[in-house]
Number of protein chains: 2
Amino acid sequence: MNSREELDDFVKNGHQQYLPHLSIDPVIFGYHDQQLKILLLEWIGHNGWGLPGGFIQRREPLSQAANRILKERTGLDDVFLQQFHTFGDSPYRLEDQSARELSEKLGHQIQDSWLFERTLSISYVALVDYSKVIVTTDFFTEGYQWCDIREIPPLLFDQNEVVEKALATLRRQLFHEPIGYNLLAEKFTLPEIHALYETILGKKLDQWNFAKKLVNLGIIKRLAEKRSIGAHRSPFLYQFEKETYEAALEQGIVQTY
Amino acid sequence: MNSREELDDFVKNGHQQYLPHLSIDPVIFGYHDQQLKILLLEWIGHNGWGLPGGFIQRREPLSQAANRILKERTGLDDVFLQQFHTFGDSPYRLEDQSARELSEKLGHQIQDSWLFERTLSISYVALVDYSKVIVTTDFFTEGYQWCDIREIPPLLFDQNEVVEKALATLRRQLFHEPIGYNLLAEKFTLPEIHALYETILGKKLDQWNFAKKLVNLGIIKRLAEKRSIGAHRSPFLYQFEKETYEAALEQGIVQTY
DNA sequence: CCAAAAGTGTTATTGCTACACCCATGA
DNA sequence: TCATGGGTGTAGCAATAACACTTTTGG
C-alpha cells in the first residue's frame, strides 16, 4: 500500500480508477471520556495538518465511497456519517499550487497529474469513539493526532472553515437524531449521555431538564434496570428509541407557527 | 447559442471548458399569486421533463457557477439560492445510459463524450417570482413549464427525489431566514407574507400568531405607514429586518436544552 | 350600514428554566 | 454517617394555539 511504485502509479494513473476533480473529506469527530477531538493527518514533510480524505471510484455510489474512506482510515463501520456541504469556492481549491507543493514534498518531479487539478470537496461529518479507532494513514500522510476541537491548528487549504461548519452541523443534528448511537453502549445511563451532549455542545446542561426533554422527544426511554457503579446511587439504564428517531428522520424537524 | 455546430462542439469538447463528472441542478421554485411551482424543462424529443442544469467552468467558484446557471435560465440575479445536497447514489447517475439516450434524441452518432460519463449532481434550491422570469432553454431542452408542486410528473433520472428534498429544505429555511426577500416588494403587508408562508408550507397558519411570531423573532418589523387597498381596511406595511436575519444566519438556529 | 378584510385581545395550555431538595451507596 | 453522585419536584416565566372580538374601508 505504501511503496514508491504504487504511489507513483496512483499519482500518474489514479484517474483511471477514481473520479477526478472530486474528493471526499470527512471531518471525523472522536468522543471519549468527555473529550471531543478531531482526527488530523500530518502531511509528508511535516509541514502541516489536514483532514483525512479520499476519492470516489468511478462506479461507486457516493455514500458508499464515504463509508469506505471512513473505514480505511479508522477501521470503523456503521457509525454516524452524514454529508453536509460541497466546498468549491475557496481560492485554495482553485489553484493547482496545493498539489504541486505536495509533489515537491514527495520528491517527485511529476508535472502532470489528475491530483494537480482543481478539486471540489464533498464533506461529511462522522462521529466515532476514538478509543476504538485504529488509524491508518494514506499515501500522503505519515502521522496523525486526535486534536481537541478547541485547539485546532491552521489546516491545509480551506479546511478550518470546513471543520467549523462540520461542528455546527454535528451540534444541530444532536437535537434531531440519536447521534450517540455508536458512542454509548446499547444501554447507557443518564449521566453518560448527559456528559456526551455537554461535551459536544461545549456547555453545561441542566441534568433534569435535559433528561425530561430527551424522554419527551421520544429519543430515549428508561428501562427498569439499574447499573451498579460502586460507591454511589445506582443510575437507571436507558436505550435509544430507534423507531421514533427514524420517523423523525423522515420528516425532519417540524416547526410550527 | 443553438446552432448544430455549437452543440456538436459542446458535446465533443465541452470538457475543455467545464469540469466533467459534475453538474449543478437548481430546483427553481416560483411563487406568484399564492401558487408555488417549479421550473421544468422539456427534453428534446418530448420524452420527458427534467430540472434545469448546468456545468461548472474549470476555474469558476462553485457558488458563482450556481448563480450564473440560475441567471442563464431565468434572467434573474440576487435571489434566494442555497446549496442543499450532492447526489451521487442513484443508479441512474451511475449508468451512461442516460446521456446516450439523449444523444439518440439529438440524432447524433457520437460515441464518446464527457457528457456520457458518470455525473454527480450538486443541487441548489432557488426561490423566485415566476411572473418576473424569462425562461431561456438550453442546448438539450426546447420547452418549459411552471409546474404546480402538487402535480409533478415523473422526472428524468432521480430528480423526483431531488425535488422532494429541495422542498423540505425550502420549508425548513423559512423559519431561519427572510426568504421572501425577492418575492415581496420592499415594503409588504402582513396578509401578503402570510399567504406566501401558507403557500410554501402547504397549510393554514393563524394570522395573529403568525404575525406575532415573525415580529418576535425579529425577522420583520412594522412600519408606521399603511397601504390603501380599496374597499377594505388599510393594512400596515412591514419590512424585513436585515441585520437580525444576517446575525441569525451566522449562528444557525440555536436550540437549547 | 354592511360585507369583507385587517388587526387585536384573552385564555388555557404547554414547555422551559432554575433551583432546591431527596435518595442510594460503599467507604 | 458522610461524601458523592444520582434522581425528583416545583414555582415562575415565556411561548403557543385557538378563538372570539373590534376596527377600517368603499360601496
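Proteins come first, then strands; the chains are lettered A, B, ... in the order of their sequence lines, and each starts at number 1.
For the pair B:L81/B:N67, a side-chain contact is recorded, criterion being any heavy-atom separation below 4.5 Å from C-beta on. At least one side-chain heavy atom of B:E161 sits less than 4.5 Å from a side-chain heavy atom of B:F87. Within the 4.5 Å cutoff, side-chain heavy atoms of B:H194 are placed close to those of B:E198.
With rounding to whole Å, B:L190 atom CG is found 15 Å from D:dT24 atom C1'. A straight line from CD of A:Q207 to C1' of D:dG9 spans 15 Å, rounded to a whole angstrom. To the nearest angstrom, C1' of D:dG5 lies 13 Å from NE2 of A:H194. As rounded to whole Å, 12 Å separates atom P of C:dG7 from atom CZ of B:F210. Summarising the geometry, the separation between NZ on B:K213 and P on D:dA18 is reported as 13 Å, rounded to the nearest angstrom. Rounded to whole Å, the distance from CG on B:L205 to P on D:dA17 is 10 Å. Taking atom NZ of B:K204 as the reference point, atom P of D:dA18 lies 15 Å away to the nearest angstrom. Here the C1' atom of nucleotide C:dG7 and the CZ atom of B:R222 are 8 Å apart, to the nearest Å.
Evaluation of atom-type donor-acceptor distances gives a pair under 3.5 Å for the side chain of A:N209 against the base of C:dA18. Side-chain atoms of B:R233 come within donor-acceptor range of the base of C:dA6, with a qualifying N/O pair under 3.5 Å.
Comparing A:S234 and A:K212, the nucleotide of DNA chain C nearest to each residue sits closer to the 5' end for A:K212. Two residues, B:N216 and B:K226, neighbour DNA chain D, and the one matched to the more 5' nucleotide by heavy-atom proximity is B:N216. Along DNA chain C, the nucleotide nearest to A:A231 and the one nearest to B:I229 differ in position, and the one closer to the 5' end is contacted by B:I229. Nearest-nucleotide positions on DNA chain D for A:F236 and B:H232 put A:F236 closer to the 5' end.
A donor-acceptor pair shorter than 3.5 Å can be found between the side chains of A:S121 and A:D25.
Look at A:E192 and A:R227 and you find a salt bridge, because one of the NZ, NE, NH1 or NH2 atoms lies within 4.0 Å of a carboxylate O, short of that distance.
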